[in-house]
Number of protein chains: 2
Amino acid sequence: MRRDVFQAIADPTRRAIIGLVALGALTPNAMAEHFEISRQAVSKHLRVLTECEIVKQQHHGREIFYHLQIEKMKEVADFIEPYRQMWETKFDQLEKVLNTLK
Amino acid sequence: MRRDVFQAIADPTRRAIIGLVALGALTPNAMAEHFEISRQAVSKHLRVLTECEIVKQQHHGREIFYHLQIEKMKEVADFIEPYRQMWETKFDQLEKVLNTLK
DNA sequence: TATTTACGAAACCATTTGGTTGCAAATATA
DNA sequence: TATATTTGCAACCAAATGGTTTCGTAAATA
């Protein structure tokens, strides 16, 4: 199976988990409270995120806190960057045309 | 089935198609030459990309040219933006620490 | 010590995915 | 007009996905 950042953020629940963990490390149980799905389903998503190295485990007694590895998200930013330049150029050119028309 | 930009960019072939179409509109046949998979497989990816409104068709005789709708990619940029700010802040703080140590 | 709690892992299931081959239809060309 | 080309669509298939329930184990607690 594919295991990369793009696969990781494809699922809406996983994007929500990333959003939660961005605010602070959490245990699977704490996360599950935010969703309609079971704790085990959240755990399966966490497994994917761990395999993608988007989160890291920190054991603390019988609890496991999941921390966001924010740098991993950079891969998505790197992918989108050239396209961002494209639509900004497009916008600039449109602006020029509009200014000329004035 | 889920039909959003995140689903669209989850597949590596679709990311490659987006990259190709970014350089200029192409027909499915022309795209298929760049990949190992069949013309029909490319067509199925194009269907997904069309449903996500990442590409638009332009009929020209019996050929169909696919154009990139660059603005759609903005949704990904909007998603990543807050995280970009997070890792930049992190980097700035690290830099401060390193400067103090000097 | 006995029980509860937190968790991952496994088995299972329906649906989706990403590929294939084989059409039919529309357009271009001989 | 007959034939070739370009394309989308349907049927099919194996594998992956996202969920469930059940279970074993380790740690906290009564």
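In what follows, chains carry the letters A, B, and so on, assigned in the order in which the sequence lines appear, proteins first and then strands, with residues in each chain numbered from 1. All heavy atoms count here, side chains included; hydrogens, waters and symmetry mates do not.
- Checking the phosphate oxygens (OP1, OP2) of C:dC7, no side-chain nitrogen or oxygen of A:Ser43 falls inside 4.0 Å.
- Heavy-atom distances under 4.0 Å link DNA chain D to no residue of residues 17-33 of chain A.
- Side chain of A:Arg14 to main chain of A:His45: no donor-acceptor pair is present (N/O by atom type, distance under 3.5 Å, no hydrogens or angles).
- The side-chain heavy atoms of B:Gln93 and B:Thr89, taken from C-beta on, include a pair separated by under 4.5 Å.
- When the local axes at the two ends of the helix from C:dT1-D:dA30 to C:dA30-D:dT1 are compared, using 5 base pairs at each end, they differ in direction by 10° after rounding to 10°.
- Atom CD in B:Glu36 sits roughly 12 Å away from atom P in C:dG19 (whole-Å rounding).
- As rounded to whole Å, 9 Å separates atom P of D:dC9 from atom CD1 of B:Ile64.
- Taking 4.0 angstrom as the limit, B:Tyr66 places a side-chain polar atom (N or O) nearer than this to OP1 or OP2 of D:dG8.
- Side chain of B:Ala41, nearest nucleotide from C:dG19, D:dG8, C:dC7: C:dG19.
- In terms of hydrophobic clustering, with Ile, Leu, Val, Met, Phe, Trp and Tyr side chains grouped at heavy-atom distances under 4.5 Å, A:Leu20 and A:Val48 are assigned to different clusters.
- Under the side-chain hydrogen bond (donor to acceptor under 3.5 Å, both in side chains) criterion, no residue pair touches residues 20-42 of chain A, with sequence neighbours excluded.
- Heavy-atom minimum distance, B:Pro28 versus B:Val42: O-CG1, 4.2 Å.
- For A:Pro12, the side-chain contact (heavy atoms from CB on, under 4.5 Å) partners at least two apart in sequence or on another chain are A:Arg15, B:Arg2.
- Residue pairs meeting the salt bridge (charged side-chain N to carboxylate O under 4.0 Å, His left out) criterion with at least one partner in residues 42-58 of chain B, sequence neighbours excluded, are B:Arg3-B:Glu51, B:Arg47-B:Glu51.
- Between the CZ atom of B:Phe35 and the P atom of C:dG18 there is a distance of 14 Å, given to the nearest Å.
- One interatomic measurement links the two molecules: CZ of A:Arg14 to P of D:dA16, which rounds to 15 Å at whole-angstrom precision.
- Between A:Ile54 and A:Ala8 the shortest heavy-atom distance is CD1-CB, 3.4 Å.
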Starting at the 5' end of nucleotides 25-30 of chain C, put B wherever the base has a protein heavy atom under 4.0 Å, S where only the sugar-phosphate does, and a dash everywhere else.
-> --BS--

Quick one: side chains of residues 58-66 of chain A, donor-acceptor pairs under 3.5 Å with protein atoms, not counting sequence neighbours, listed by atom name and distance.
{"residue": "A:Gln58", "atom": "OE1", "partner": "A:His67", "partner atom": "NE2", "Å": "2.4"}
{"residue": "A:His59", "atom": "NE2", "partner": "A:Gln57", "partner atom": "OE1", "Å": "3.2"}
{"residue": "A:Tyr66", "atom": "OH", "partner": "A:Gln57", "partner atom": "NE2", "Å": "3.0"}

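- Taking atom CD1 of residue B:Ile37 and atom C1' of nucleotide C:dT20, one finds them 11 Å apart after rounding to whole Å.
- A:Gln69 pairs by the side-chain hydrogen bond (donor to acceptor under 3.5 Å, both in side chains) definition with nothing, not counting sequence neighbours.
- Residues forming a ring-ring contact (aromatic ring centres under 6.0 Å, His included) with B:Phe6 (at least two apart in sequence, or on another chain): B:Phe79.
- The list of side-chain hydrogen bond (donor to acceptor under 3.5 Å, both in side chains) pairs with a residue in residues 70-81 of chain A, not counting sequence neighbours, reads A:Glu71-B:Lys90, A:Lys72-A:Glu75, A:Glu81-A:Arg84, A:Glu81-A:Gln85.
- Residues passing the side-chain contact (heavy atoms from CB on, under 4.5 Å) test with A:Ala22, sequence neighbours excluded: A:Leu68, B:Tyr83, B:Met86.
- Atom NE2 in B:His59 sits about 17 Å away from atom C1' in D:dT5, given to the nearest Å.
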Find every protein N or O atom lying less than 3.5 Å from an N or O atom of nucleotides 9-16 of chain C, and list the pairs.
none

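- Atom CG of A:Leu46 is separated from atom C1' of D:dG18 by 14 Å (rounded to the nearest Å).
- Heavy atoms only, all atoms of each residue included: B:Asp11 and B:Thr13 are closest at OD2-N, 2.9 Å.
- Here the P atom of nucleotide C:dT17 and the CG atom of B:Asp4 are 10 Å apart, to the nearest Å.
- Phosphate contact (OP1/OP2 of D:dG19, side-chain N/O of A:His45, threshold under 4.0 Å): present.
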